[in-house]
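Fair warning: this is a prediction, and the values are worked out from it, not measured in the lab.
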Amino acid sequence: MKLFSTLLLSLAFTGLCSAEQKFPRGTFESKDLDKAKAEATAQKKPIAFIMTDKDTTCPLCQGAASAFLDVVKSKAVIVYVNSKETSTVWGGLPEAARKGLEAGKFIPKMAVTDASAANLITSINYDSYTADDKILREFKKALKPEK
């Protein structure tokens, strides 16, 4: 019975540790950038490129990614850039997105561009997020349209 209980607890903890990062409905993969641009243009919204690992078991990474996504989910069209495939997808990203995603040593990273993905509006990364509690407010403020 002890062995069965131990096995059951181990499986339960494994399930908790391998939770997948949740993305808002309508999130595009980086390979679908043209569709994301069309959607952003139609909705008159910027594009938020988030570089992370959706299968991460790191709760710190998941927490930061969720915080970044919460800020942009209703304000931008989201494009997921798989950090494990950076070497293959990097060249296909617009220069403005690459510029915003370069900074920082750790994931997640987010770069927000205009709808054409030609101009960088703002960016945020895990390093700056953990170093300064005001950075998320500044990131959010940069997304407000000018009046």
Trainee: Looking at every non-hydrogen atom in both residues, tell me the closest pair between Val79 and Ala36 and how far apart they are.
Mentor: CG2-CB, 3.6 Å

Trainee: Going through the checks in order, is the side chain to side chain contact (heavy atoms under 4.5 Å, CB included) test met by Val112 and Leu143?
Mentor: CA-CA 8 Å; Val112 181; Leu143 292 174; 3.5 Å; yes

Trainee: Taking the six-membered ring for Trp, are Phe68 and Tyr129 ring centroids under 6.0 Å apart?
Mentor: yes

Trainee: Quick one: NZ on Lys73 to CZ on Arg25, what's the gap to the nearest 0.5 Å?
Mentor: 13.5 Å

Trainee: Kindly determine whether Thr57 and Gln62 satisfy side-chain hydrogen bond (donor to acceptor under 3.5 Å, both in side chains), including the steps that lead there.
Mentor: CA-CA 8 Å; Thr57 57; Gln62 283 185 336; over 6 Å; no

Trainee: Could you check whether Ser66 and Gln21, counting side-chain N and O atoms only, form a donor-acceptor pair closer than 3.5 Å?
Mentor: yes

Trainee: Does the side chain of Lys22 come within less than 4.5 Å of Leu69's, by heavy atoms?
Mentor: no

Trainee: Do Ile78 and Pro24 touch side chain to side chain, with heavy atoms closer than 4.5 Å?
Mentor: yes

Trainee: Pair up each side-chain donor or acceptor in residues 87-108 with any protein partner under 3.5 Å, not counting sequence neighbours, and list the distances.
Mentor:
unit_1	atom_1	unit_2	atom_2	d
Thr88	OG1	Glu85	O	2.9
Arg98	NH1	Leu93	O	2.5

Trainee: Mind checking side-chain hydrogen bond (donor to acceptor under 3.5 Å, both in side chains) for Asn119 and listing every partner two or more places apart, or none if nothing turns up?
Mentor: Asp114

Trainee: Could you check, using the six-membered ring where one of them is a Trp, whether Tyr80 and Phe23 have ring centers closer than 6.0 angstrom?
Mentor: yes

Trainee: Pair up each side-chain donor or acceptor in residues 38-51 with any protein partner under 3.5 Å, not counting sequence neighbours, and list the distances.
Mentor:
unit_1	atom_1	unit_2	atom_2	d
Glu39	OE2	Gln43	NE2	2.3
Thr41	OG1	Lys37	O	2.9
Gln43	OE1	Lys45	NZ	3.2
Lys45	NZ	Ser74	O	3.2

Trainee: Between Thr52 and Ser83, is a side chain to side chain contact (heavy atoms under 4.5 Å, CB included) present by the stated rule, with each step listed?
Mentor: CA-CA 5 Å; Thr52 192; Ser83 62; 5.6 Å; no

Trainee: Is any side-chain heavy atom of Val71 less than 4.5 Å from a side-chain heavy atom of Leu136?
Mentor: yes

Trainee: When you measure from the side chain of Asp32 to the backbone of Lys35, do you find a donor-acceptor pair of N or O atoms at a distance under 3.5 Å?
Mentor: no

Trainee: With a 4.5 Å cut-off on side-chain heavy atoms, are Thr130 and Tyr126 touching?
Mentor: yes

Trainee: Flag the pair Lys140 / Lys75 as yes when at least one side-chain heavy-atom distance between them is below 4.5 Å, and no otherwise.
Mentor: yes

